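I have placed the structure first, in the form of structure tokens, so that the comments after it can refer back to it.
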Amino acid sequence: MARRTSSVAGFVVTTLVLLATICDAQLSSKFYDSTYPNALTTIRTVTRSAVSKERRMAASLIRLHFHDCFVQGCDASILLDDSSSIESEKTAPQNFNSVRGYDVIDQAKTEVEKVCPGVVSCADIVAVAARDASFAVGGPSWTVKVGRRDSTTASKSEATSDLPRFTDDVDILISRFDKKGLTARDMVTLSGAHTIGQAQCSTFRGRIYNNASDIDAGFASTRQRGCPSLNSDENDKKLAALDLVTPNSFDNNYFKNLIQKKGLLHSDQVLFSGGSTDSIVSEYSNNPTTFKSDFAAAMIKMGDIQPLTGSAGIIRKICSSVN
């Protein structure tokens with residue numbers, strides 16, 4: 001009886017170990033090694049080409065990954081177009097006429113499908129492209145775990161309710177990130193990607209014309225030259241770099257700007273406004289190495305938000321539709 005009990009116990013332990021191994025293997029940096037070893041290289045080639053043509057695309061691809069993971073997890077739901085059964089996340093207020101990079105993901109998908117059809121998910125392409133975009137403009141690189149699968153659904157309502165807004169105060173931002181399992185430090189770190197980003201006039205017009213105490217007067221005046229006070233479609237779409245000093249380099253000037261009251265968006269400046277995140281901003285402003293290291297760690301953590309793995313989801317043939 002003792003021998004049988006020992007045998008059963010051993011079987012249970014072995015089974016649990018195997019299951020744990022399988023689960024770990026579902027999201028792994030080596031996931032494509034046996035099926036398509038050059039998958040990540042193919043994605044990197046497409047990403048680098050896109051960023052070399054338009055530096056701004058780096059920020060767009062990082063933001064695309066962020067906006068994907070914050071809605072239903074990192075499942076490429078943001079790429080789905082409207083259909084009879086899907087209300088696209090692309091038309092949510094935080095995404096509409098703002099999120100970019102869809103064409104780069106489509107191009108990368110086309111290239112991987114040529115070599116190994118039906119293997120590499122759109123969700124993984126989004127995650128890998130974000131990493132490669134960061135590195136292409138002097139930002140950190142990190143090991144991307146892959147093996148995600150693509151959703152068959154999207155949620156415009158969740159995108160509208162959960163994605164950060166440029167009008168958010170710091171407590172709201174912290175709450176939004178906490179809901180996704182990310183800390184206040186993660187939030188400040190990931191906001192640092194704005195160092196290579198741009199914003200439309202409509203998102204910061206109110207801030208640069210309100211003569212508030214939390215914005216440098218000279219900075220506001222400079223920004224007003226590129227963003228007229230008059231509301232119009234043309235004026236609203238005028239772009240300005242979020243980092244006026246080194247807009248094309250992934251560095252820590254974004255945080256230095258906040259300390260000088262030169263944050264372009266309200267949701268940027270609130271990170272340094274006498275609140276709980278001031279010390280983190282100060283730390284990153286003085287230590288670019290820490291910022292880059294923390295940014296890589298936060299991107300890995302964000303990429304782990306509710307991925308579809310195993311038999312969940314599908315591998316889309318075309319990223320914009322369920323097929």
Side-chain angles (χ1 to χ4, degrees), residues 51 55-67 94 98-100 130-131 133-142 164-170 172-174 176-177 182-201 203-204 207-208 212 214-216 218-220 222-223 226-227 239-299 301-302:
V51 173
R55 195 83 167 173
R56 179 189 170 205
M57 186 55 69
S60 297
L61 290 171
I62 293 172
R63 186 167 182 248
L64 180 63
H65 183 34
F66 167 52
H67 280 226
Q94 298 95 315
S98 173
V99 171
R100 307 166 65 243
R131 185 271 310 274
S134 167
F135 190 68
V137 291
S141 183
W142 55 90
R165 295 173 179 264
F166 63 86
T167 54
D168 284 348
D169 288 325
V170 68
I172 294 175
L173 290 170
I174 290 173
R176 291 192 192 280
F177 278 71
L182 299 171
T183 66
R185 188 178 183 89
D186 293 328
M187 183 269 289
V188 176
T189 306
L190 293 170
S191 297
H194 286 182
T195 193
I196 53 170
Q198 294 184 331
Q200 296 181 12
C201 177
T203 63
F204 61 86
R207 174 163 163 73
I208 63 174
D214 67 343
I215 186 169
D216 177 83
F219 173 75
T222 298
R223 293 307 199 170
C227 178
L239 296 171
L242 290 164
D243 173 13
L244 190 60
V245 183
T246 53
N248 293 317
S249 297
F250 195 106
D251 54 30
N252 67 332
N253 272 323
Y254 167 81
F255 300 104
K256 295 179 180 180
N257 294 338
L258 298 185
I259 293 173
Q260 297 170 10
K261 298 184 179 181
K262 295 180 180 179
L264 187 59
L265 301 177
H266 172 79
S267 56
D268 286 328
Q269 192 59 56
V270 294
L271 303 184
F272 192 84
S273 57
S276 60
T277 57
D278 282 18
S279 60
I280 306 171
V281 172
S282 294
E283 180 184 357
Y284 289 155
S285 73
N286 291 317
N287 196 328
T289 302
T290 299
F291 162 53
K292 289 187 177 183
S293 174
D294 284 1
F295 184 83
M299 288 296 288
K301 189 175 178 181
M302 186 183 75

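Along the sequence shown, the residues carry numbers beginning at 1. Computed from a predicted model, the values in this text were never measured in an experiment.
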Provide the closest heavy-atom pair for Ile62 versus Ala130 in the form atom of the first, atom of the second, distance. CG1-O, 3.7 Å

Rounded distance [0.5 Å steps], NZ in Lys262 versus CG in Asn257: 7.0 Å

Is there side-chain contact between Leu242 and Gln198, with at least one heavy-atom pair below 4.5 Å? no

Can you tell me how far the OG atom of Ser191 sits from the CG atom of Leu271, to the nearest 0.5 Å? 5.0 Å

Just wondering, do Pro164 and Ile172 contact through their side chains at under 4.5 Å, heavy atoms? no

Test side-chain contact (heavy atoms from CB on, under 4.5 Å) applied to Asp268 and Phe204, step by step: CA-CA 11 Å; Asp268 286 328; Phe204 61 86; over 6 Å; no

Quick one: closest heavy-atom pair of Ser141 and Ala296, and the distance? O-CB, 3.9 Å

Glu283 (side chain) donor-acceptor with Asn286 (main chain) under 3.5 angstrom: no

Sidechain-backbone polar pair: Asn253 side chain, Lys256 backbone, donor-acceptor under 3.5 Å: no

Calculate, to the nearest 0.5 Å, the distance between atoms NE2 and CD1 belonging to His194 and Ile196 respectively. 10.0 Å

Side-chain heavy-atom pair Thr167, Thr203 within 4.5 angstrom cut-off: no

Give the intermediate values and the outcome of side-chain hydrogen bond (donor to acceptor under 3.5 Å, both in side chains) for residues Tyr284 and Thr189. CA-CA 8 Å; Tyr284 289 155; Thr189 306; 2.7 Å; yes

Report the C-alpha distance between Leu61 and Arg100 in whole Å, list the side-chain angles of each, state the deciding distance to 0.1 Å, and finish with yes or no for side-chain contact (heavy atoms from CB on, under 4.5 Å). CA-CA 7 Å; Leu61 290 171; Arg100 307 166 65 243; over 6 Å; no

Let me confirm one number: the CE-CG distance from Met299 to Asp294, rounded to the nearest 0.5 Å. 13.5 Å

Tightest non-hydrogen contact, residues Phe219 and Gly263, listed as CE2-O, 3.9 Å

Ring-ring centroid check Phe291 Phe255, cutoff 6.0 Å: yes

Please confirm whether Phe177 and Phe66 have ring centers closer than 6.0 angstrom. yes

Nearest-0.5 Å distance that lies between atom CG in Leu182 and atom CG in Leu190: 6.5 Å

Stepwise side-chain contact (heavy atoms from CB on, under 4.5 Å) check, Phe250 with Phe135: CA-CA 9 Å; Phe250 195 106; Phe135 190 68; over 6 Å; no

What closest approach, in Å, do Ser273 and Asp278 show between heavy atoms, and which atom pair accounts for it? N-OD1, 3.0 Å

Is it true that the side chains of Ser267 and Asp168 contain a donor and an acceptor less than 3.5 Å apart? no

I'd like to know if the side chain of Ser285 reaches the main chain of Ser282, judged simply by a donor and an acceptor atom lying under 3.5 Å from each other, with no hydrogens or angles considered. yes

Once rounded to the nearest 0.5 Å, what's the spacing between atom CZ of Arg223 and atom CG of Leu264? 5.0 Å

List the steps and the verdict of side-chain hydrogen bond (donor to acceptor under 3.5 Å, both in side chains) for Asp243 and Thr195. CA-CA 5 Å; Asp243 173 13; Thr195 193; 3.3 Å; yes

Is any side-chain heavy atom of Asp186 closer than 4.5 Å to one of Lys301? yes

When every non-hydrogen atom of Ser134 is compared with those of Pro140, the smallest separation belongs to OG-O, 2.8 Å

So does Leu258 get a backbone contact from the side chain of Gln269, meaning a donor-acceptor N/O pair under 3.5 Å? yes

Partners of Arg63 by side chain to side chain contact (heavy atoms under 4.5 Å, CB included), sequence neighbours excluded? His67, Ser98, Val99

Just do the side-chain contact (heavy atoms from CB on, under 4.5 Å) check on Arg176 and Arg165 with the steps written out, would you? CA-CA 10 Å; Arg176 291 192 192 280; Arg165 295 173 179 264; 4.1 Å; yes

If you define the side chain from C-beta out and look only at heavy atoms, does anything of His65 sit under 4.5 Å from Met302? yes

When you check the gap from the basic side-chain N to the acidic O, do Arg207 and Asp214 get nearer than 4.0 Å? yes

Hey, does Val137 have a side-chain heavy atom less than 4.5 Å from the side chain of Asn248? no

Indicate yes or no for a side-chain donor-acceptor contact from Ser293 to the backbone of Thr289 under 3.5 Å, with no hydrogens or angles considered. no

Is any side-chain heavy atom of Pro288 closer than 4.5 Å to one of Asp251? no

